[in-house]
Amino acid sequence: MSVPCVAVARERGETVRSRLADAGALDGDHQIAVDGDTIYIPVAARDRVPADLADRIVERDAAARDRPTTPAEVLGYEPSLERLGGIVIVDEDDDERAREIAEAVMAADLPCDTVLNRASPIEGELRVREWDVLAGNGTETVHREYGHEFALDVAAVYFSPRLATERHRVVEQVAAGESVIDMFAGVGPYAVPMAARGADVVACDLNERAIEYLRENAERNGVADRVTAVAGDVRDLADSHADTAERLVMNLPHSADEFLDTAVALAGDDCVIHYYDIQHEDDPFGPGRRAIEAAAGDAYAVDVETERVVRSYAPHEYNVCLDVRLTRPED
């Protein structure tokens with residue numbers, strides 16, 4: 001059967017396969033094939049193939065492959081699972097059911113080192129939670145996202161793989177040479193790929209463990225020379241980095257509004273803010289827009305370029321993003 005495949009040099013195969021998997025473009029129903037020095041990787045979604053690989057798509061006969069045994073086939077029902085690197089996460093209040101799912105995950109043909117169950121909500125100033133280790137051991141992993149690798153410990157830092165598409169949307173807007181400040185950077189899922197696009201990034205986080213991982217991830221992805229990692233309160237940067245940012249990332253949706261005065265102090269003459277918020281469905285964007293306008297005052301003209309629902313957060317509440325351009329009026 002003829003299917004679309006990305007054709008690349010054999011030695012690039014694993015790198016390209018990982019990128020296609022991160023982008024959700026792989027065709028899992030057909031086998032990867034090698035012919036001479038070229039590897040052919042079947043894709044199911046042409047529109048998800050990274051732009052720099054789009055011209056490598058060819059039509060080619062590909063053999064069907066047997067689907068691996070899934071946890072659902074073991075259990076007889078479809079469990080709710082989330083992948084984060086080599087960790088599979090379940091979210092079950094029933095301990096017996098959680099352990100049943102963990103046993104099925106480990107029995108299935110599913111690459112996995114550890115199965116965890118959420119044992120608490122996200123808590124505290126550092127936004128971390130407790131975990132029950134159901135199978136395997138440890139809470140550290142390496143997560144791959146759009147061609148980048150992120151080492152992290154889910155018990156020590158906040159990280160959500162569900163935001164991969166949103167992060168990629170923002171990163172794609174970054175131009176080489178930009179001055180970026182990631183105000184709540186975590187382990188670097190915005191900062192590292194922005195630096196990979198050629199931006200100079202100052203990445204700040206209150207969580208010292210997250211900053212340790214961020215520095216490791218900058219090294220791991222070859223962008224350490226363009227990432228300055230700062231452990232501490234971003235408000236302490238307001239003087240040393242005043243008027244420097246051409247782009248600000250404010251991914252602290254429950255309380256980003258408390259840091260808008262700092263954002264305005266950091267912004268240069270022309271600055272885009274990616275402002276994340278959680279609001280009721282009746283007015284998901286209004287509170288954030290009004291808060292930004294109030295903080296900007298007469299110092300900047302405020303232009304809301306994008307209003308986007310990122311995901312449903314709770315009944316009748318949305319996690320949203322506003323892309324807002326601040327422009328300082330000419331004298």
Side-chain angles (χ1 to χ4, degrees), residues 3-65 67-68 82-88 109-114 140-152 159-176 186-199 201 203 213-227:
V3 298
C5 298
V6 170
V8 294
R10 186 172 181 172
E11 60 268 20
R12 296 182 59 207
E14 179 54 28
T15 298
V16 171
R17 189 206 64 78
S18 295
R19 291 185 62 200
L20 293 170
D22 291 341
L26 279 182
D27 177 356
D29 294 322
H30 295 90
Q31 294 181 14
I32 295 173
V34 176
D35 187 356
D37 293 331
T38 303
I39 187 168
Y40 297 86
I41 307 173
V43 293
R46 288 174 177 262
D47 60 341
R48 292 188 179 181
V49 173
D52 62 314
L53 296 173
D55 63 350
R56 308 295 300 174
I57 298 176
V58 299
E59 291 290 329
R60 180 181 170 87
D61 288 342
R65 78 173 178 90
R67 301 290 292 178
E82 185 174 359
R83 291 295 302 274
L84 179 56
I87 295 173
V88 170
D109 187 10
L110 184 68
C112 171
D113 301 319
T114 306
E140 191 172 38
T141 191
V142 176
H143 177 70
R144 292 167 179 83
E145 182 173 299
Y146 286 97
H148 297 97
E149 294 186 349
F150 300 97
L152 61 115
F159 188 94
S160 174
R162 298 177 184 177
L163 298 177
T165 300
E166 170 60 18
R167 288 192 283 262
H168 186 63
R169 179 190 73 86
V170 170
V171 168
E172 287 285 284
Q173 299 177 39
V174 175
V187 301
Y190 285 95
V192 166
M194 285 179 168
R197 288 181 64 87
V201 184
Y213 279 112
L214 193 156
R215 292 185 177 123
E216 176 184 341
N217 293 332
E219 291 279 359
R220 178 185 290 269
N221 291 277
V223 296
D225 60 329
R226 290 194 294 277
V227 175

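Everything quoted here is computed from the prediction, not taken from an experiment.
Between the Asn221 side chain and the Glu149 main chain, a donor and an acceptor come within less than 3.5 Å of each other. Counting only distance, with no hydrogens or angles, the side chain of Arg197 and the backbone of Glu172 share a donor-acceptor pair below 3.5 Å. The backbone N or O of Tyr146 sits less than 3.5 Å from a side-chain atom of His148, completing a donor-acceptor pair.
Using a 4.5 Å heavy-atom threshold, the side chains of Arg226 and Val201 count as separate. Using a 4.5 Å heavy-atom cutoff, the side chains of Phe150 and Val142 are not in contact. Counting heavy atoms from C-beta on, the side chains of Glu216 and Val187 never come closer than 4.5 Å. By the 4.5 Å heavy-atom criterion applied to side chains, Asp35 and Tyr40 are counted as neighbours. In this structure, Ile39 and Glu14 have side chains that are not in contact, with every pair of non-hydrogen atoms separated by 4.5 Å or more. At least one side-chain heavy atom of Leu152 sits less than 4.5 Å from a side-chain heavy atom of Leu84. The shortest distance between side-chain heavy atoms of His143 and Pro161 falls below 4.5 Å. Leu20 places a side-chain heavy atom less than 4.5 Å from the side chain of Val43.
For Arg60, there are no side-chain hydrogen bond (donor to acceptor under 3.5 Å, both in side chains) partners, not counting sequence neighbours.
Ion pairing of Asp27 with Arg46 is absent here, as no side-chain N (NZ or NE/NH1/NH2) approaches a carboxylate O to less than 4.0 Å.
Taking all atoms of both residues into account, the shortest heavy-atom contact from Leu26 to Ala21 is CD1-CB, 3.6 Å. What you find for Ala151 and Arg220 is that their closest heavy atoms are CB-NH2, 3.9 Å. Here the shortest heavy-atom pairing between Thr141 and Gly86 reads OG1-N, 2.8 Å. Gly188 and Pro193 make their closest contact through O-CD, 3.6 Å (heavy atoms, listed as atom of the first residue, atom of the second, distance). The two atoms that bring Val3 and Pro42 nearest to each other are CG2-CB, 4.3 Å, heavy atoms only. When all heavy atoms of Thr114 and Cys112 are compared, the closest pair comes out as O-SG, 3.3 Å.
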Inset, instruction - Go through the steps to decide whether Arg56 and Val49 satisfy the test side chain to side chain contact (heavy atoms under 4.5 Å, CB included), and finish with yes or no. - result: CA-CA 10 Å; Arg56 308 295 300 174; Val49 173; over 6 Å; no
Inset, instruction - Show the numbers, then the answer: is there a side chain to side chain contact (heavy atoms under 4.5 Å, CB included) between Val88 and Glu82? - result: CA-CA 6 Å; Val88 170; Glu82 185 174 359; over 6 Å; no
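Geometric assessment of Arg167 against the ring of Phe159 yields a positive cation-pi assignment under the 6.0 Å and 45° thresholds.
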Under 3.5 Å, which donor-acceptor pairs link side chains of residues 4-13 to any protein atom two or more places apart or in another chain?
none

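Between the CD atom in Gln173 and the NE2 atom in His168 there is a gap of 11.0 Å [rounded to 0.5 Å]. Summarising the geometry, atom CG belonging to Asp61 is positioned 9.5 Å from atom NE2 belonging to His30; distances are rounded to the nearest 0.5 Å.
No more than 12 heavy atoms of other residues, nucleotides or ligands lie within 6.0 Å of CG in Asp37, so this atom counts as exposed by the packing criterion.
Side-chain contact check for Tyr213 and Glu140: at least one donor-acceptor pair (N or O, by modelled atom type) lies under 3.5 Å.
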